[in-house]
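Read the numbers this way: they start at 1 and go in the same order the structure lists the ligands and their atoms. Computation of the quantities below employed the complete heavy-atom set of this structure, encompassing side-chain atoms and omitting hydrogens, waters and symmetry-equivalent molecules.
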Amino acid sequence: MTNPQLSLTVDGLTIPQLGFGTWQLEPADARRMVAEALRIGYRHIDTAWIYKNEAAVGDGIRDSGVAREDIWLTTKIWTAHFERDALLRQAEESARNLGFTPDLLLLHWPKAKPTFAETIGALNEAKDQGLTRAIGLSNFPSGQFREAQRLSPARLVTNQVEYHPYLSLKTLRDTAAELGSSITAWSPLAQGKISDDEVIGQIASAHGKTAGQVTLRWLVQQGVIAIPRTTKAERAAENFDIWDFQLSDNDMARIHALNRADGRLGDWLDKDFQWDKV
Ligand SMILES: NC(=O)c1ccc[n+]([C@@H]2O[C@H](COP(=O)([O-])OP(=O)(O)OC[C@H]3O[C@@H](n4cnc5c(N)ncnc54)[C@H](OP(=O)(O)O)[C@@H]3O)[C@@H](O)[C@H]2O)c1
């Protein structure tokens, strides 16, 4: 059977558009759920040094029996490690924890000090040393996204940011497109809040799907990468079952219209920076 899941090509790299997130998963759950997700068919796993589960994620990949080269694996440099030497040390530690070289290494949150020039330079060095295949960002507003790419010889292949029906990302999506990059949506299910949404519920009933499936389909149909998380095998399977239906333009517009001013769920942005207005 051909593989129906969608991927994006960014800077010549193929990134599966549906990944499995592991934030807040204790090591035992991370190991079990990563193996389960890969058995279900996911081919993209997201972790971070600060999640304290990189070793368990590596174990889950080995348990699954899926070949490493068939998986897109992302981890992130924590903000305490943004000086050059510390960044390179963490990149080595993350690869050691995982037992694999990651495909993608992200800067977890933008930070004013040290300078972007130092941190982006070190991230490029990590790539040049073979500590990752590709590099990118997380939680960078448009201005800092542009500045980081200006300083980076290598393409920053994604900016992983909060994105779901309650938070518009129009400006940042346009910036990513302009820079030849991509957006990866964290908290794509608004941490489960989409379950109670009337509009999403109506669209889900019309398609014979669940609210979670409709929300993830809305993201991938925009050309966005989404990385939902769950502790439950049956939900991981539900969230992966989105390749056999399409949302209409009207469905897409109705979900976009759910954007609201207080929709942001997680905000640890350095006080020197500001989110895009929309
Ligand atoms: N770069 C960053 O700064 C950053 C920040 C936050 C997150 N992330 C990444 O993004 C991933 C996803 O974000 P997230 O974990 O915050 O939130 P999320 O995926 O939007 O939501 C996870 C929550 O939704 C529930 N859930 C899962 N599938 C569901 C479904 N089909 N219907 C209803 N509820 C469902 C889960 O509960 P159960 O476990 O009970 O199923 C869990 O409580 C993270 O795991 C992490 O990898 C990155």
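- Listed by first and then second residue, the side chain to side chain donor-acceptor pair (under 3.5 Å) pairs that reach into residues 107-116 come to none, sequence neighbours excluded.
- A heavy-atom separation below 4.0 Å is found between Thr22 and ligand 1.
- Of all the atoms in ligand 1, the ones that sit under 4.0 Å from a non-hydrogen atom of Thr230 are 27 (C), 38 (P), 39 (O), 41 (O).
- In terms of protein heavy-atom proximity, atom 44 (C) of ligand 1 is nearest to Trp23 CB, 3.4 Å.
- Every atom of ligand 1 is numbered from 1 in the order shown, and the set under 4.0 Å from a heavy atom of Gln160 is 1 (N), 2 (C), 4 (C), 8 (N), 9 (C), 48 (C).
- A side-chain donor from one of Arg254 and Gln202 sits under 3.5 Å from a side-chain acceptor of the other.
- Salt bridge status for Arg32 with Asp29: present, with a side-chain N to carboxylate O gap under 4.0 Å.
- Of the candidates Asp241, Ile227, Leu216, it is Ile227 that places a heavy atom closest to atom 11 (C) of ligand 1.
- Distances from atom 5 (C) of ligand 1 to the heavy atoms of Trp186, Phe20, Trp268 put Trp186 nearest.
- Ligand 1 lies less than 4.0 angstrom from a heavy atom belonging to Ala190.
- For the pair Arg43 and Trp72, the cation-pi criterion (under 6.0 Å, within 45° of the ring axis) is not fulfilled.
- Comparing heavy-atom distances from atom 18 (P) of ligand 1 across Ser138, Ala48, Ser187 singles out Ser187 as nearest.
- Of the charged side-chain nitrogens involved, at least one lies within less than 4.0 Å of a carboxylate oxygen, so that Arg146 and Glu178 count as a salt-bridged pair.
- Every residue two or more places apart in sequence or in another chain was checked for a ring-ring contact (aromatic ring centres under 6.0 Å, His included) with Phe82, and none qualifies.
- Remark: minimum distance from atom 37 (O) of ligand 1 to any protein heavy atom is reached at Arg235 NH1, 3.4 Å.
- Which parts of ligand 1 touch Gly192 is read off a 4.0 Å heavy-atom cut-off, strictly below it: atoms 21 (O), 24 (O), 34 (N).
- Atoms of ligand 1 lying under 4.0 Å from any heavy atom of Glu238, numbered from 1 in the order shown and given with element: 31 (N).
- Neither the backbone nor the side chain of Gln24 comes within 4.0 Å of ligand 1, counting heavy atoms alone.
- Looking only at heavy atoms of the protein, atom 36 (C) of ligand 1 is closest to Arg229 O, 3.7 Å.
- Ring orientation note: the planes of Phe240 and Tyr42 are tilted relative to one another, at an angle of 30° to 60°.
- Leu38 and Leu104 fall into different hydrophobic clusters, defined by Ile, Leu, Val, Met, Phe, Trp and Tyr side-chain heavy atoms under 4.5 Å apart, directly or through other members.
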